[in-house]
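Below is one structure, written out as structure tokens; comments come after it.
Just the heavy atoms: all of them, side chains too, but no hydrogens, waters or symmetry mates, feed the values below. Every value quoted in this text rests on a predicted model; they were computed, and no experiment measured them.
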Amino acid sequence: LSEYQFVSDKPVNWSSFSPKLSMNYELSKKIDVYASVAKGFRAPNLDDLCRSDQVRTGFRLANPEIKPEYLYSFETGVDLNLIDGLNLSLSTYYNIGKDFMYLLSTGDSVNLGYTISPIYQTDNIGEVRIYGVESDISYKFNKNINLFANYTLNQSVISDFVVNPDGAGIDLTDKFLTDMPTHKGGAGFAFINKIVDVSGAVNYVGTRWIKDDNSIDEVYLLSDKYPSYTTLDIKFRKQIW
């Protein structure tokens, strides 16, 4: 991997002012509405800056030139207390990411000895737009039994992309972000009693795009998306003293 090494760079400092404005209004004792506007900031992590290694989709090349990303977030929602013990929350969000840090194909590959692996590198892309809906419902059946369920619908799209002539040369405008499921959901319960507390949950994660250009992965999974999956979690808890 000697050809992928780089010399040490000069120290770099990043800083940002990240304000948030939120408002809440109580329409009645059973209905609350809220809205918020915020600016977020995220600096590159050390792995992306200086570590080259194998990742799920191929070989990741370090990039010491990554810049921080900024996120502008808009959210509104409502909390409803429908009847005693039954609560419902609905919210919508719209996020705009600038200089978004993203794992991109370089169009090159490397021989790892046991396979020819495509090379990826984390870099900044112009703009992404992430929007969706979140819902949560919970019901306190009595002092011992709580039930809950949730669902999230998400769309994450690259809205502005400048083709890097030194990269794969593919325009990713209007492509979906990888590793972001469109559908997520879950349901569960908590049963509190004198013998042992029991809680359980079923969680569903929908399909996610594998490659940055949303094409079929011809090397590993032979598909354009990771398959959806469901997990079941059960926990027993007993306080001894």
Side-chain angles (χ1 to χ4, degrees), residues 1-12 14 40-71 95-131 154-184 205-231:
L1 303 178
S2 59
E3 63 181 292
Y4 300 113
Q5 293 179 352
F6 54 86
V7 297
S8 297
D9 232 333
K10 295 180 179 179
V12 178
W14 298 296
F41 164 84
R42 184 167 73 100
N45 61 51
L46 287 176
D47 267 6
D48 290 334
L49 288 169
C50 60
R51 181 180 180 183
S52 298
D53 63 353
Q54 185 77 3
V55 293
R56 277 186 302 180
T57 52
F59 181 78
R60 180 186 61 182
L61 182 63
N63 182 5
E65 304 299 326
I66 311 173
K67 299 181 294 184
E69 70 180 24
Y70 297 87
L71 188 73
N95 300 326
I96 302 174
K98 300 286 189 178
D99 288 329
F100 192 76
M101 289 181 284
Y102 193 55
L103 194 64
L104 298 172
S105 171
T106 66
D108 202 357
S109 60
V110 60
N111 189 340
L112 297 178
Y114 57 90
T115 185
I116 302 298
S117 184
I119 297 178
Y120 291 83
Q121 187 177 53
T122 300
D123 206 347
N124 300 98
I125 57 178
E127 182 182 273
V128 301
R129 295 181 182 265
I130 303 170
Y131 53 94
N154 177 283
Q155 290 290 321
S156 305
V157 180
I158 299 173
S159 52
D160 180 35
F161 184 83
V162 178
V163 178
N164 182 356
D166 297 326
I170 300 175
D171 187 2
L172 300 182
T173 304
D174 296 330
K175 299 297 184 181
F176 293 98
L177 294 181
T178 59
D179 284 320
M180 298 286 286
T182 301
H183 304 282
K184 287 178 65 177
V205 177
T207 57
R208 297 158 292 152
W209 293 97
I210 298 173
K211 299 182 64 177
D212 54 357
D213 62 355
N214 298 167
S215 64
I216 294 176
D217 174 20
E218 303 284 358
V219 178
Y220 295 104
L221 297 180
L222 306 180
S223 175
D224 56 353
K225 294 180 181 180
Y226 295 110
S228 61
Y229 65 90
T230 302
T231 61

Exercise for the section: Please check if the side chain of D212 supplies one atom and the backbone of S105 the other of a donor-acceptor pair under 3.5 Å. Expected result: yes
Exercise for the section: Could you go through the side-chain contact (heavy atoms from CB on, under 4.5 Å) check for I130 and N154 one step at a time? Expected result: CA-CA 7 Å; I130 303 170; N154 177 283; 3.5 Å; yes
Problem - Nearest-0.5 Å distance that lies between atom CG in D213 and atom OG in S215 - result: 3.0 Å
Practice task
Could you go through the side-chain contact (heavy atoms from CB on, under 4.5 Å) check for T182 and Q155 one step at a time?
Solution key: CA-CA 6 Å; T182 301; Q155 290 290 321; 3.3 Å; yes
Practice task
Check D179 against Y226 and note the closest heavy-atom contact, atom names and distance.
Solution key: OD1-CE1, 3.4 Å
Practice task
Nearest 0.5 Å please: distance from the CG atom of N124 over to the CZ atom of F100.
Solution key: 10.5 Å
Practice task
Could you pull out the closest heavy-atom pair between P181 and R208, with the gap in Å?
Solution key: N-CG, 3.4 Å
Exercise for the section: Go through the side-chain N and O atoms of T173 and D171 and say whether any donor and acceptor fall under 3.5 Å apart. Expected result: yes
Practice task
Report, as yes or no, whether the 6.0 Å neighbourhood of atom CG on L222 holds more than 12 heavy atoms from other residues, nucleotides or ligands.
Solution key: yes
Practice task
Can you measure from CG (D224) to CG (D217) and round to the nearest 0.5 angstrom?
Solution key: 9.5 Å
Exercise for the section: Give me the ring orientation class for Y70 and F41: parallel if the planes are under 30° apart, tilted from 30 to 60°, perpendicular past 60°. Expected result: tilted
Practice task
Mind checking the CD1-CE spacing from I125 to M101? Nearest 0.5 Å is all I need.
Solution key: 11.0 Å
Exercise for the section: Please check if the side chain of Q121 supplies one atom and the backbone of R60 the other of a donor-acceptor pair under 3.5 Å. Expected result: no
Practice task
Dump the intermediate steps for side-chain contact (heavy atoms from CB on, under 4.5 Å) on L177 and I158, then the final yes or no.
Solution key: CA-CA 7 Å; L177 294 181; I158 299 173; 3.6 Å; yes
Handout entry: Closest heavy-atom pair and its distance - N214, F176
Key = OD1-N, 2.9 Å
Problem - For P68 against A43, the heavy-atom pair lying closest together - result: CB-CA, 4.2 Å
Problem - Pairwise side-chain contact, Y120 with K211, heavy-atom cut-off 4.5 Å (strictly under) - result: yes
Handout entry: Nearest heavy-atom neighbours spanning A62 and C50
Key = CB-C, 3.5 Å
Problem - Pairwise distance CG(D99) to NZ(K67) - rounded to 0.5 angstrom - result: 4.0 Å
Problem - From D108 atom CG to L61 atom CG, the distance as rounded to the nearest 0.5 Å - result: 9.0 Å
Fill in the blank from the handout: Given the options D47, D48, N45, N63, T122 meets side chain to side chain donor-acceptor pair (under 3.5 Å) only with D48
Handout entry: Any side-chain heavy-atom pair of R51 and L46 under 4.5 Å
Key = no
Problem - Minimum heavy-atom distance between K225 and T207, given as atom pair plus value - result: CD-OG1, 3.7 Å
Problem - Pair I210-T178, side-chain contact (heavy atoms from CB on, under 4.5 Å): steps then yes or no - result: CA-CA 6 Å; I210 298 173; T178 59; over 6 Å; no
